Amino acid sequence: VKGLYLGLAHYPMKNKAGEKVCTSVTNLDIHDIARSCRTFGVEKYFIITPIIPQQQLVARILQHWQKEKSSIYNPDRFDALSFVELTASIDDALSVIEQQCLARPFLAITGAQWEGPTLLIEDISLKIRIDNRPCLLLFGTGSGLHPEVQERADFRVASIHGAAEDGYNHLSVRSAVAIYLDRLSKNQEQGQEKGIV
Ligand code: SAM
């Protein structure tokens with residue numbers, strides 16, 4: 001999806017008590033989400049953490065896979081990780097996108113339970129095209145994005161709901177990414193068929 005960037009933030013997050021915390025990077029999130037982004041044509045996948053040792057851990061994992069030898073053993077893994085970018089903050093990720101696209105990206109955030117107005121994920125690709133602006137689609141960790149992030153977002157993406165009787169919909173971040181990207185790319189295909197993209 002042209003103009004779509006994806007971010008996985010580790011600060012500021014909420015913990016179960018709703019306090020502001022910084023979560024640790026999970027190795028699985030690096031690989032799984034990189035592969036989903038690669039599959040659905042996301043421009044770049046930002047792993048966002050202000051903690052230096054965490055940045056060093058992620059950099060080591062990325063370097064390992066990006067070194068020549070790894071790419072021979074596992075080219076598709078090498079390929080998927082070669083467009084992962086590490087930033088210390090959400091603002092840094094937005095600045096990288098702005099430099100790359102020469103347009104200020106809009107920030108669309110995700111979560112399982114939103115109050116208030118939301119934007120359908122399918123409308124994100126249309127918005128990118130109509131406004132001619134890139135989008136940073138941001139995912140959380142821990143118990144979700146802290147209200148500080150919610151207040152500054154341009155849009156809240158409508159949550160993914162299933163068919164659970166009790167309304168349970170707390171997906172893993174890896175599952176939520178894959179579902180949204182699949183919906184976006186389906187919508188893009190349908191748009192192309194109708195000639196509106
Ligand atoms: N430790 C958990 C894990 O491994 O996934 C982290 C949970 S974290 C709160 C889950 C993140 O995935 C949310 O911040 C949100 O970005 C996304 N997410 C989870 N369920 C979702 C839903 N039903 N609709 C939209 N996004 C969802």
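The analysis underlying the following values was restricted to heavy atoms, covering all of them including side chains, and did not include hydrogens, waters or symmetry mates. All of these numbers come straight from a predicted model, not from anything done at the bench. Every number for a ligand or one of its atoms is a count from 1 in the order of the listing.
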Original post:
Among protein heavy atoms, which lies nearest atom 24 (N) of ligand 1, and at what distance?
Top reply: Ile160 N, 2.9 Å
**OP:** Within a distance under 4.0 Å of any heavy atom of Gly144, pick out the atoms of ligand 1 and give their elements.
**Re:** 9 (C), 14 (O)
Original post:
Under a 4.0 Å N-O cut-off, is there an ion pair linking Lys186 with Glu122?
Top reply: no
Original post:
What are the atoms of ligand 1, with element, lying closer than 4.0 Å to any heavy atom of Asn169?
Top reply: 20 (N), 21 (C), 22 (C), 23 (N)
**OP:** Consider every N or O of Ala112 and every N or O of ligand 1, then say whether any pair is closer than 3.5 Å.
**Re:** no
Subject >> Close side-chain approach of Tyr11 to Ile48, heavy-atom, < 4.5 Å >> reply: no
Original post:
Which protein non-hydrogen atom lies closest to atom 19 (C) of ligand 1, naming both residue and atom, and how far is it?
Top reply: Leu171 O, 3.2 Å
Original post:
Under 4.0 angstrom from ligand 1, any heavy atom of Arg174?
Top reply: yes
Original post:
Going by the atom numbers of ligand 1, which of them fall below 4.0 Å from some non-hydrogen atom of Ser159?
Top reply: 24 (N)
**OP:** Could you label the plane-to-plane angle of the Phe139 and Tyr180 rings as parallel, tilted or perpendicular, counting under 30° as parallel and over 60° as perpendicular?
**Re:** tilted
Subject >> Glu19 bridged to Lys14 by N-O distance under 4.0 Å >> reply: no
**OP:** Would you mind finding which of Gly142, Gly140, Ser143, Ser172 brings a heavy atom closest to atom 6 (C) of ligand 1?
**Re:** Gly142
Subject >> Pair Arg104 + Asp154, salt bridge at N-O below 4.0 Å >> reply: no
Original post:
Mind checking whether Val173 has an N or O less than 3.5 Å away from an N or O of ligand 1?
Top reply: yes
**OP:** Name the closest protein heavy atom to atom 15 (C) of ligand 1, giving the residue it belongs to and the distance to 0.1 Å.
**Re:** Thr110 OG1, 3.6 Å
Subject >> Which residue and heavy atom of the protein sit nearest atom 18 (N) of ligand 1, plus the separation >> reply: Ala176 CB, 3.6 Å
**OP:** For residues Tyr5 and Gln100, determine if any side-chain heavy atom of one lies less than 4.5 Å from a side-chain heavy atom of the other.
**Re:** yes
**OP:** Give a yes or no on whether a salt bridge exists between Asp123 and Lys127, defined as a side-chain N under 4.0 angstrom from a carboxylate O.
**Re:** no
Original post:
Hey, do the aromatic rings of Tyr45 and Phe83 have their centres closer than 6.0 Å?
Top reply: no
